[in-house]
Protein chains: 2
Amino acid sequence: MSLRHAVLGLLTVQPSTGYELTQRFDKSLANAWHASHSQIYPELAKLQDEGMVEVVGEGARRSRTWAVTDAGRDELRRFMTEAEPVRSQRNETAVRWFLVDLLEPADKRKALERELAFCEAELERLTAIAAAIDASEGPKRFRGTVDLGLRMTGVMRDWLQEQLSRA
Amino acid sequence: MSLRHAVLGLLTVQPSTGYELTQRFDKSLANAWHASHSQIYPELAKLQDEGMVEVVGEGARRSRTWAVTDAGRDELRRFMTEAEPVRSQRNETAVRWFLVDLLEPADKRKALERELAFCEAELERLTAIAAAIDASEGPKRFRGTVDLGLRMTGVMRDWLQEQLSRA
DNA sequence: GCCATCATGTAATTAGTTACATGATTAG
DNA sequence: CTAATCATGTAACTAATTACATGATGGC
């Protein structure tokens, strides 16, 4: 189960409230993992029971800021270095791209155009994130990951354009 | 829900038994969707109830070959052309690559090397599939999808090598 | 005062995994 | 004849989504 490790990882980068975590899942981990608040709050409670996270601050609207404990850091390290990676994916976009070959030309073109628009938007989104990191002070962590996303999305865009020009 | 559309798609390409479908999920859709037999058999039954698949042959070991009906083809087309794509992913490997920046150098190098080995293996797997398609007669469907996989995995390998050389 | 958004939670349902179970066929 | 693999199914459990529910705060 990877939800808890994603939570531990995000909280290691930066202590957050449950609400902020839900947003960070869709920003930082948009291409990796999705979790909604109804999953995150119970998971934080479970992690707290197990001593892996703790409340380090309370703010307005009875919000609580969570941080990783030493036990949590140990568990995250164990996951990253010792646990056997689970490689299976669940990616509806990839299913669609696989199945696009089954469509007749007109439908295929329309589908490819929609996907192309998605890639362009994603490139823009990642470019903005990269610029923000570059403009910031400090260690520029995750700049590499953003760069990987940019390269992958670039490959996808090129591929879609080729498919379109042939369709 | 994408399982049923993956099933309809795979059966559109080639009628199969449930057993064959489980294998095709891990071969053709390895980088898109995973489903185990305990999910596939009930889904075939449900699709049959809804008139979207039918038994077109029976073989040894009481195996049954399933094919898509017109209603199934309609549903697949509707999914591909009209349904709003769900973009969220669930990809533990991507989570790991994101979190690798949190590790100290020695752990990081070890983690990157493991991922690099995975990419090399994946490149080999895809190269073999591409060669098989190229050697075959007929329309060479999905050759493009395999090529996309090769390009993406190539980008990943290069990125991992760069990260390693800097770690 | 009221609307948007921040913020947290639970309940009901659906999807997916792991474990259990069984029988048929083929290769050695 | 027996072990491996083919082939199908169900049961128990865990994970995830969708829907329901409530209250706080800040901007207008």
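Values reported hereafter were calculated over all heavy atoms of this structure, with side chains retained and with hydrogens, waters and symmetry mates removed. Below, chain A is the first sequence line, B the second, and so on; all start at residue 1.
Going from atom CD1 of Ile40(A) over to atom P of dC6(C) covers 15 Å, rounded to whole Å. The nearest whole Å value for the distance from the CG atom in Asp26(A) to the P atom in dC6(C) is 14 Å. Counting to the nearest Å, the C1' atom of dA15(C) and the CG atom of Leu47(B) are 14 Å from each other. The nearest whole Å value for the distance from the CZ atom in Arg90(A) to the C1' atom in dG16(C) is 6 Å.
Under the 3.5 Å distance criterion, the side-chain polar atoms of Arg90(B) are matched with a main-chain donor or acceptor of His34(A).
Considering only side-chain N and O atoms, Tyr41(A) lies under 4.0 angstrom from the phosphate OP1 or OP2 of dT8(C).
In this structure, of dA7(C), dT25(C), dC6(D), it is dT25(C) that holds the atom nearest to the side chain of Ala60(B). For Gln39(B), the side-chain atoms get nearest to dT17(C) when compared with the rest of dA15(D), dA24(D), dT17(C). Among dT10(D), dG16(C), dT8(D), the nucleotide with an atom closest to any side-chain atom of Pro42(B) is dT10(D). Which of dA7(D), dT18(D), dT25(D) sits closest to the side chain of Arg62(B) comes down to dA7(D). For Arg61(A), counting side-chain heavy atoms from C-beta on, the closest listed nucleotide (dA24(D), dA7(D), dT17(D)) is dA24(D).
For Ser38(A) and dT18(D), a side-chain-to-base donor-acceptor distance below 3.5 Å is present, hydrogens and geometry of angles not being considered. Checked by distance alone, His37(B) brings a side-chain donor or acceptor within 3.5 Å of a matching partner on the base of dG9(D).
Nucleic acid contact class of Ser63(A) (heavy atoms, under 4.0 Å, all strands): sugar-phosphate only.
Two residues, Gln23(B) and Arg64(B), neighbour DNA chain D, and the one matched to the more 5' nucleotide by heavy-atom proximity is Gln23(B).
For the pair Glu50(A) and Lys46(A), the salt-bridge criterion is not met [side-chain N within less than 4.0 Å of a carboxylate O]. Using a cut-off of 4.0 Å between Lys/Arg side-chain N and Asp/Glu carboxylate O, Arg62(A) and Glu58(A) are scored as not salt-bridged.
Results of the ring-ring contact (aromatic ring centres under 6.0 Å, His included) test with Phe98(B) over Trp33(A), Phe142(A), Phe25(A) single out Phe142(A) as the only residue that passes.
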